[in-house]
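Values below: all heavy atoms of this structure, side chains included; hydrogens, waters and symmetry mates excluded.
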Amino acid sequence: MDLTACFLISLITATMFLQVQCTKAVIGLYGQTIEVPCNNGAPKPDDLIFTKWKYDMEDGTSGDLLVKQAHKDEAQIKALDGYKYRVSIAANFSLMIQNGSMVDQRTFTCMVVYGSNLDEHRVSVSVYKMPLPPQIKDKAKELENGKLTPLGVCVAAAANPAAEIEWSKNGTLLVSDDKNIAITTTVTVDPTTGLSTTRSSLRYTAVKGDIGAKFTCSAKHYLQTQQSPAETFVIHYPTEKLSLQVLAKAPIIEGDNVTLKCKADGNPPPTSFNFNIKGQKVTVKDSDSYTLTSITRDNTGNYKCSLVDDSKMEASEKVVVSYLDLSLSPTGKVLKTVGDNLVVKMEQNSSGEAKVSWTKDNGKLDKVPTFERVTYSDAGFYVCEVSVPGLKRSQSFQLEVEGKPVINRLTKLRSEDGRHKVLICEAEGAPQPSVQWSINGTDEESSYINGKAVHKITVVPSGNLTVTCFVTNKLGEIQGYKCHNLAPGWKFGPG
Ligand SMILES: *[C@@H]1O[C@H](CO)[C@@H](O)[C@H](O)[C@H]1NC(C)=O
Ligand SMILES: *[C@@H]1O[C@H](CO)[C@@H](O)[C@H](O)[C@H]1NC(C)=O
Ligand SMILES: *[C@@H]1O[C@H](CO)[C@@H](O)[C@H](O)[C@H]1NC(C)=O
C-alpha cells in the first residue's frame with residue numbers, strides 16, 4: 001500500500017514562502033521486517049554527505065535512529081531505546097525495522113544532507129496484523145423455537161486494525177433486525193500488544209427449519225477474510241404430532257409381549273406419556289413405551305397414548321390378538337372292538353378363518369374321519385391340525401381295533417405241479433391271532449395286514465384225513481376243518 005498525504009504548511013517568516021510537505025504512508029506487517037523507504041527510493045544525490053533516520057517520539061519530540069555517512073560502509077546506530085537492536089539501513093537508504101509491532105505505528109523521517117541542502121522525507125508507518133482465525137465461543141446448548149436466544153460469540157482476536165465480524169447461516173448473511181436477529185459488536189485493545197480483539201454476539205430466534213443449519217462467522221480484514229468452523233445447534237420445539245407404534249411381530253398371537261411406543265415429534269421428546277390401556281390411564285415416566293406381557297385375546301382393542309401436559313395431543317392404534325383353540329374327542333389311545341361305533345368330535349374357535357386338515361398315519365385324509373362301524377383297517381394314528389396365520393394347533397388319537405378271531409375262508413387248491421394240495425386259511429382278528437393247521441406241511445407262508453391273517457401250507461394228500469385250521473388270540477379261538485379227500489366242501493365247526 002502506498003498512500004501519500006500531503007499537508008500544506010504555511011510558514012510565515014520575513015519573506016513569505018510556501019512549502020508543500022508530503023508524508024508518505026507505508027504499511028508493514030506485524031512480526032515481520034518493515035521497510036520504510038527514503039524519498040520513495042529515489043537515487044542518492046552525487047554530493048551526498050550523510051543520511052539520517054529519525055522518528056517522532058510519544059512526547060512529540062524527535063529522536064535519532066541512525067546516521068549513515070556517505071563515505072562509510074557502516075551506519076552508526078544512535079537509538080537508545082528498543083530500536084537500537086531492530087533498525088538498519090539498506091543500500092537504497094530504506095530504514096529496515098525488524099520484528100514489526102504496534103510501537104512502529106508512527107512517523108519516521110529520512111534526512112538527506114547533500115551539497116548545501118537538507119531534505120526531509122516523512123513516512124508514516126501503519127502496522128497491520130490479521131486476526132487469529134475467528135471462532136464461535138459461548139455456544140448455546142440449544143436454541144428455543146421462536147425465542148430470541150444468545151447463540152454464541154464470535155471472536156477475532158489480536159488484529160490491527162480491528163477485524164470486522166459478519167455472521168452467516170448456511171452461507172447467507174445475517175443482518176441485525178433487533179427482533180429475530182440481534183448482533184452486538186465490541187472491540188477491545190490489548191494494553192500490552194496494542195492489538196484489537198473484535199467480539200460479536202449473535203442472539204437468534206430459531207425456527208424448526210434451523211435444524212442442521214450451519215452457522216459461521218467471518219472476520220473481515222484488509223489482509224484476508226477468514227471464516228470460523230461451522231456450528232450447528234440443537235433446536236427445541238414443541239410436539240405437534242404424536243404417533244403410537246405397536247412393536248410386535250405380526251400377527252400378534254396369544255402369549256406374545258407387545259410394546260406400545262408413543263412417539264412425539266417435538267425436541268426434546270417428552271419424558272412421560274399417558275397410555276390408555278382399554279379405558280385405564282397409565283402414566284409412564286422416563287420412557288415412551290408400555291409393554292403388554294403375555295397378551296391374550298381379551299387384549300384385542302384400541303390403545304391410545306397422549307401427552308401428560310396436553311391430553312388433546314393423542315394417538316391411537318388397534319391391537320388385534322390372534323387366537324386358536326382346538327378340542328378333539330377322543331384323544332390319546334382309543335381301543336374299539338371291530339364293528340363298534342366311534343364318534344369323532346372336533347371343535348375349534350379362532351380369531352379368523354381356520355384351515356383344518358386331517359392325516360392318518362401321515363397320509364392326508366380328504367374329510368373328517370367318521371366310524372359308524374369300525375373295521376380293522378380303521379386302526380391308525382389320526383391327527384387333526386387347524387391353523388390361522390401365525391398359529392397352529394394339533395391333536396391326535398391312536399385308534400386300535402380288536403376282535404375275536406373269525407375264519408373267513410378255507411381253500412384247497414391244487415399245486416402247480418399237480419402232486420400237492422395247497423391249504424389256505426384266511427381269518428380276521430386283533431390282536432394278531434395265531435393261525436395253525438392241524439397237519440404239518442411245507443412252504444408255510446403267513447401274513448397279517450389290517451387285521452386279516454392268511455396262512456398257507458402245501459401238503460401231500462394221504463388217505464382219509466380231517467384237516468383243521470385253528471385261529472386263536474387273547475379274545476377267543478375258532479377252528480375250521482375239512483375231510484381231506486371228500487371234495488368238494490369244507491365243514492366248519494367251533495372247536
Ligand atoms: C530497497 O532495498 C531493499 C533491500 O535491498 C529492497 O527490498 C527494497 O525493495 C528497496 N526499496 C526500494 C523503494 O527500492
Ligand atoms: C408234525 O411234525 C412234528 C415234528 O416235526 C411232529 O412232532 C408232529 O407229530 C407232526 N404232526 C403230524 C400231525 O404229523
Ligand atoms: C373216509 O371217511 C368217510 C366218512 O368218514 C368214509 O365214508 C369212507 O369210507 C372213508 N374212506 C376211507 C378210504 O377210509
Side-chain angles (χ1 to χ4, degrees), residues 1-130 159-161 192-195 222-224:
M1 274 181 224
D2 191 347
L3 308 169
T4 305
C6 293
F7 303 94
L8 194 63
I9 301 169
S10 310
L11 296 170
I12 300 165
T13 53
T15 53
M16 206 175 96
F17 66 96
L18 279 174
Q19 183 189 349
V20 177
Q21 189 175 18
C22 292
T23 301
K24 190 183 154 59
V26 298
I27 292 166
L29 296 182
Y30 189 91
Q32 302 193 5
T33 298
I34 299 169
E35 183 204 346
V36 189
C38 179
N39 194 19
N40 290 326
K44 59 180 172 183
D46 293 339
D47 50 354
L48 178 68
I49 300 166
F50 68 89
T51 309
K52 182 198 234 182
W53 275 100
K54 305 185 290 182
Y55 68 116
D56 290 1
M57 298 203 288
E58 283 71 14
D59 61 5
T61 61
S62 174
D64 287 351
L65 287 172
L66 55 79
V67 176
K68 166 96 171 49
Q69 298 294 336
H71 62 278
K72 282 197 177 157
D73 290 339
E74 293 293 317
Q76 196 183 358
I77 305 297
K78 296 276 189 191
L80 298 173
D81 56 14
Y83 280 121
K84 192 169 166 181
Y85 306 105
R86 292 205 290 138
V87 292
S88 59
I89 189 163
N92 54 19
F93 303 126
S94 285
L95 174 68
M96 308 302 275
I97 309 170
Q98 282 174 42
N99 197 16
S101 75
M102 297 314 293
V103 298
D104 303 326
Q105 284 206 132
R106 61 172 89 234
T107 300
F108 295 86
T109 305
C110 177
M111 193 172 92
V112 183
V113 178
Y114 58 100
S116 57
N117 300 302
L118 185 155
D119 291 350
E120 288 205 337
H121 309 284
R122 287 172 66 76
V123 184
S124 94
V125 169
S126 298
V127 178
Y128 280 11
K129 181 183 175 294
M130 198 164 76
N160 192 61
T192 315
T193 61
L195 296 173
Y222 293 101
L223 299 174
Q224 196 187 323

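The distance from atom CD1 of Ile49 to atom CD of Gln69, rounded to the nearest 0.5 Å, is 9.0 Å. Between the NZ atom of Lys52 and the CZ atom of Phe93 there is a distance of 15.5 Å, given to the nearest 0.5 Å. Summarising the geometry, atom CZ belonging to Arg86 is positioned 10.0 Å from atom CG belonging to Leu95; distances are rounded to the nearest 0.5 Å. Note: Asp47 CG to Asn117 CG = 7.0 Å, rounded to the nearest 0.5 Å. Atoms OG1 and CG, on Thr33 and Asn99 in that order, are 8.0 Å from each other to the nearest 0.5 Å. Distance check: Leu118 CG to Met111 CE gives 5.0 Å after rounding to the nearest 0.5 Å.
Using a distance-only test at 3.5 Å, with no hydrogens or angles considered, no donor-acceptor pair links the side chain of Trp53 to the main chain of Met96. No side-chain donor-acceptor contact under 3.5 Å links Arg122 to the backbone of Thr107. Checked by atom type and distance alone, the side chain of Asn40 never pairs as donor or acceptor with a backbone atom of Ala42 at under 3.5 Å. Between the side chain of Asn160 and the backbone N or O of Val127 there is at least one donor-acceptor pair closer than 3.5 Å. Looking at Arg106, its side chain does come within 3.5 Å of a backbone N or O of Asp56 through a donor-acceptor pair.
Heavy atoms only, all atoms of each residue included: Thr51 and Cys110 are closest at CG2-SG, 3.8 Å. Across all their heavy atoms, Pro37 and Lys24 have their closest contact at CG-CE, 3.8 Å. A pairwise comparison of heavy atoms in Val103 and Tyr83 identifies O-OH, 3.5 Å as the closest pair. Residue Lys68 comes nearest to Asp73 through the heavy atom pair CE-O, 3.6 Å, listed as atom of the first residue, atom of the second, then distance. Nearest heavy atom pair, residue Lys84 against residue Leu80, reads CD-O, 4.3 Å. Here the closest non-hydrogen pair linking Ser94 and Glu35 is OG-OE2, 2.6 Å.
Counting non-hydrogen atoms of neighbouring residues, nucleotides and ligands closer than 6.0 angstrom, the CG atom of Asp46 reaches no more than 12 such neighbours.
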Test side chain to side chain donor-acceptor pair (under 3.5 Å) on Tyr30 and Asp104 and set out the steps. CA-CA 9 Å; Tyr30 189 91; Asp104 303 326; over 6 Å; no

Output, in order, the C-alpha distance, side-chain angles, deciding distance and verdict of side-chain contact (heavy atoms from CB on, under 4.5 Å) for Val87 and Phe108. CA-CA 12 Å; Val87 292; Phe108 295 86; over 6 Å; no

Stepwise side-chain contact (heavy atoms from CB on, under 4.5 Å) test for Ile34 and Val125: CA-CA 9 Å; Ile34 299 169; Val125 169; 4.1 Å; yes

Determine, step by step, whether Met102 and Thr193 satisfy the side-chain contact (heavy atoms from CB on, under 4.5 Å) criterion, reporting the C-alpha distance in whole Å, the side-chain angles of both residues, the deciding distance to 0.1 Å, and the verdict. CA-CA 7 Å; Met102 297 314 293; Thr193 61; 5.7 Å; no

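Side-chain contact between Leu65 and Ile97: absent, with no pair of heavy atoms (C-beta onward) separated by less than 4.5 Å.
No side-chain N or O of Thr109 forms a donor-acceptor pair with one of Glu120 less than 3.5 Å apart. With 3.5 Å as the limit, one finds a donor-acceptor pair spanning the side chains of Asp119 and Tyr114.
Applying the side chain to side chain donor-acceptor pair (under 3.5 Å) test to Ser101 and every residue at least two apart in sequence or in another chain returns nothing.
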